Undergrad: 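Can you keep this structure in mind? I'll have questions shortly.
Just so you know, these numbers come straight off a predicted model, no measurement behind them.
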Amino acid sequence: MVPDERPASVDVTGLLHVWSDGDERAFDRLIPLIYDELHRMALRYLARERADISMQPTGLVNEVCLRMLGWDPVRWQNRGHFYGVSAQMMRRVLVDIARKRRAARRGGADVVHIPVEDVDLPAEEPDADLVALDGALEELAAEDARKAQVVELRFFAGLSMEDVAQTLGISLRTAHNDWAFARAWLYRALTSGSGSR
């Protein structure tokens with residue numbers, strides 16, 4: 001869930017806009033206001049990972065910040081948009097790690113896994129391969145980008161359905177419908193193997 005609205009939220013949105021306008025110093029002022037929430041997001045991501053992953057929450061946050069600084073200026077809409085993009089970047093970092101592990105072991109069994117109970121996988125398959133989930137999300141995005149964004153914001157960023165709807169500019173009912181469709185779509189893709197690459 002996006003952090004409770006408090007006076008700092010106005011500062012965050014304002015600093016995001018200033019940063020979007022090209023003032024890199026705004027990022028330095030932004031970090032203390034957003035760091036705790038980014039760290040909580042990283043903890044949620046890493047809690048889904050296997051115990052042998054070497055990345056710590058602080059490292060994941062730092063990697064996301066470095067990637068954001070390397071981007072061309074982004075036009076940040078609001079806090080929800082920022083946290084949604086941050087969640088997507090965290091997923092990308094972990095997928096990159098999983099792909100490197102897989103390549104290093106030539107497809108060995110020691111790849112990064114995350115539980116996806118929220119996607120309603122069958123009971124006999126409690127973990128899904130992160131690379132397969134990423135592939136399935138990319139396929140879903142090719143068919144319906146908004147539904148894939150709902151998954152990223154809800155499952156990976158941990159936003160409430162109300163925050164997902166607000167971030168995407170859709171009604172709460174549409175957000176719930178998209179979430180239900182995306183869960184069913186991912187279930188089919190992951191259990192049939194079409195989502196793996």
Side-chain angles (χ1 to χ4, degrees), residues 1-17 19-20 27 30-49 55 57-58 60-65 67-68 71 74-95 114-121 128 130 133-134 136-141 143-187 189-190 195:
M1 184 161 125
V2 173
D4 295 331
E5 293 298 320
R6 50 187 182 258
S9 68
V10 174
D11 294 336
V12 169
T13 301
L15 285 171
L16 285 168
H17 289 152
W19 184 30
S20 294
F27 185 76
L30 186 63
I31 288 296
L33 300 174
I34 60 171
Y35 184 83
D36 288 343
E37 182 60 23
L38 289 177
H39 198 267
R40 277 190 288 278
M41 289 169 58
L43 280 170
R44 279 194 301 268
Y45 264 104
L46 293 171
R48 296 178 178 131
E49 296 297 329
M55 176 134 325
T58 301
L60 184 53
V61 171
N62 290 342
E63 181 65 25
V64 167
C65 289
R67 288 185 183 199
M68 282 186 190
W71 271 12
V74 174
R75 179 45 84 188
W76 298 109
Q77 299 167 10
N78 54 38
R79 293 164 54 97
H81 178 225
F82 174 80
Y83 289 121
V85 170
S86 298
Q88 185 179 36
M89 286 187 138
M90 285 183 190
R91 179 173 65 94
R92 288 269 148 235
V93 168
L94 294 174
V95 167
I114 61 168
V116 288
E117 294 85 8
D118 291 336
V119 185
D120 292 334
L121 287 177
L130 181 59
L133 178 59
D134 182 61
L137 274 173
E138 287 178 7
E139 290 176 19
L140 177 59
E143 288 188 28
D144 192 323
R146 189 184 71 214
K147 287 178 177 64
Q149 287 177 312
V150 168
V151 172
E152 288 174 346
L153 293 171
R154 178 78 173 134
F155 181 70
F156 292 107
L159 297 184
S160 69
M161 290 308 291
E162 292 79 10
D163 290 332
V164 169
Q166 181 183 13
T167 297
L168 296 178
I170 58 178
S171 71
L172 182 58
R173 182 169 187 82
T174 299
H176 279 288
N177 289 342
D178 284 357
W179 176 239
F181 177 89
R183 286 174 42 197
W185 194 96
L186 288 170
Y187 173 86
L190 292 171

Undergrad: Determine, step by step, whether Met41 and Val64 satisfy the side-chain contact (heavy atoms from CB on, under 4.5 Å) criterion, reporting the C-alpha distance in whole Å, the side-chain angles of both residues, the deciding distance to 0.1 Å, and the verdict.
TA: CA-CA 11 Å; Met41 289 169 58; Val64 167; over 6 Å; no
Undergrad: Taking it one step at a time, do Leu94 and Leu46 satisfy side-chain contact (heavy atoms from CB on, under 4.5 Å)?
TA: CA-CA 9 Å; Leu94 294 174; Leu46 293 171; 4.0 Å; yes
Undergrad: Go through it in stages, so that I can follow the logic: the residues are Phe155 and Arg183, the test is side-chain contact (heavy atoms from CB on, under 4.5 Å), and I'd like the CA-CA distance, side-chain angles, deciding distance and then a yes or no.
TA: CA-CA 10 Å; Phe155 181 70; Arg183 286 174 42 197; over 6 Å; no
Undergrad: Which atoms form the tightest heavy-atom contact between Met68 and Met89, and what is the distance?
TA: CG-SD, 3.5 Å
Undergrad: Working to the nearest 0.5 angstrom, can you tell me the gap between Lys147 NZ and Leu186 CG?
TA: 12.0 Å
Undergrad: Do you know which of Thr167, Val164, Leu168, Ile170 makes side chain to side chain contact (heavy atoms under 4.5 Å, CB included) with Gln149?
TA: Leu168
Undergrad: Do Thr58 and Tyr35 have side-chain heavy atoms sitting under 4.5 Å apart?
TA: yes
Undergrad: Angle between ring planes, Trp19 versus Phe27, binned at 30° and 60°: parallel, tilted or perpendicular?
TA: tilted
Undergrad: Please name all residues satisfying salt bridge (charged side-chain N to carboxylate O under 4.0 Å, His left out) with Arg92, sequence neighbours left out, ordered by chain then number.
TA: Asp134, Glu138
Undergrad: Roughly how far, to the nearest 0.5 Å, is the CG atom of Leu60 from the NE2 atom of His39?
TA: 9.5 Å
Undergrad: Could you grab the distance from atom CD of Gln166 to atom OG of Ser171, nearest 0.5 Å is fine?
TA: 13.0 Å
Undergrad: Could you give the distance from CG (Asp178) to CZ (Arg154), rounded to the nearest 0.5 Å?
TA: 13.0 Å
Undergrad: Return the set of residues passing side-chain contact (heavy atoms from CB on, under 4.5 Å) with Gln88 (not counting sequence neighbours), or none when no residue passes.
TA: Arg91, Glu152
Undergrad: For the CZ atom of Arg79 and the CG atom of Asp11, what is their distance to the nearest 0.5 Å?
TA: 10.0 Å
Undergrad: So Tyr83 and Ile34, do their side chains get closer than 4.5 Å, heavy atoms only?
TA: yes
Undergrad: How close do Gly80 and Leu153 get, heavy atom to heavy atom, and via which atoms?
TA: O-CD2, 4.4 Å
Undergrad: Per the salt bridge (Lys or Arg N to Asp or Glu O under 4.0 Å) rule, what does the pair list look like for residues 164-174, sequence neighbours excluded?
TA: none
Undergrad: Counting only N and O atoms by type, is there a donor-acceptor contact under 3.5 Å from the side chain of Tyr45 to the main-chain atoms of Ala87?
TA: yes
Undergrad: To the nearest 0.5 Å, tell me how far Met90 CE sits from Leu38 CG.
TA: 5.0 Å
Undergrad: Output, in order, the C-alpha distance, side-chain angles, deciding distance and verdict of side-chain contact (heavy atoms from CB on, under 4.5 Å) for Trp76 and Val12.
TA: CA-CA 11 Å; Trp76 298 109; Val12 169; over 6 Å; no
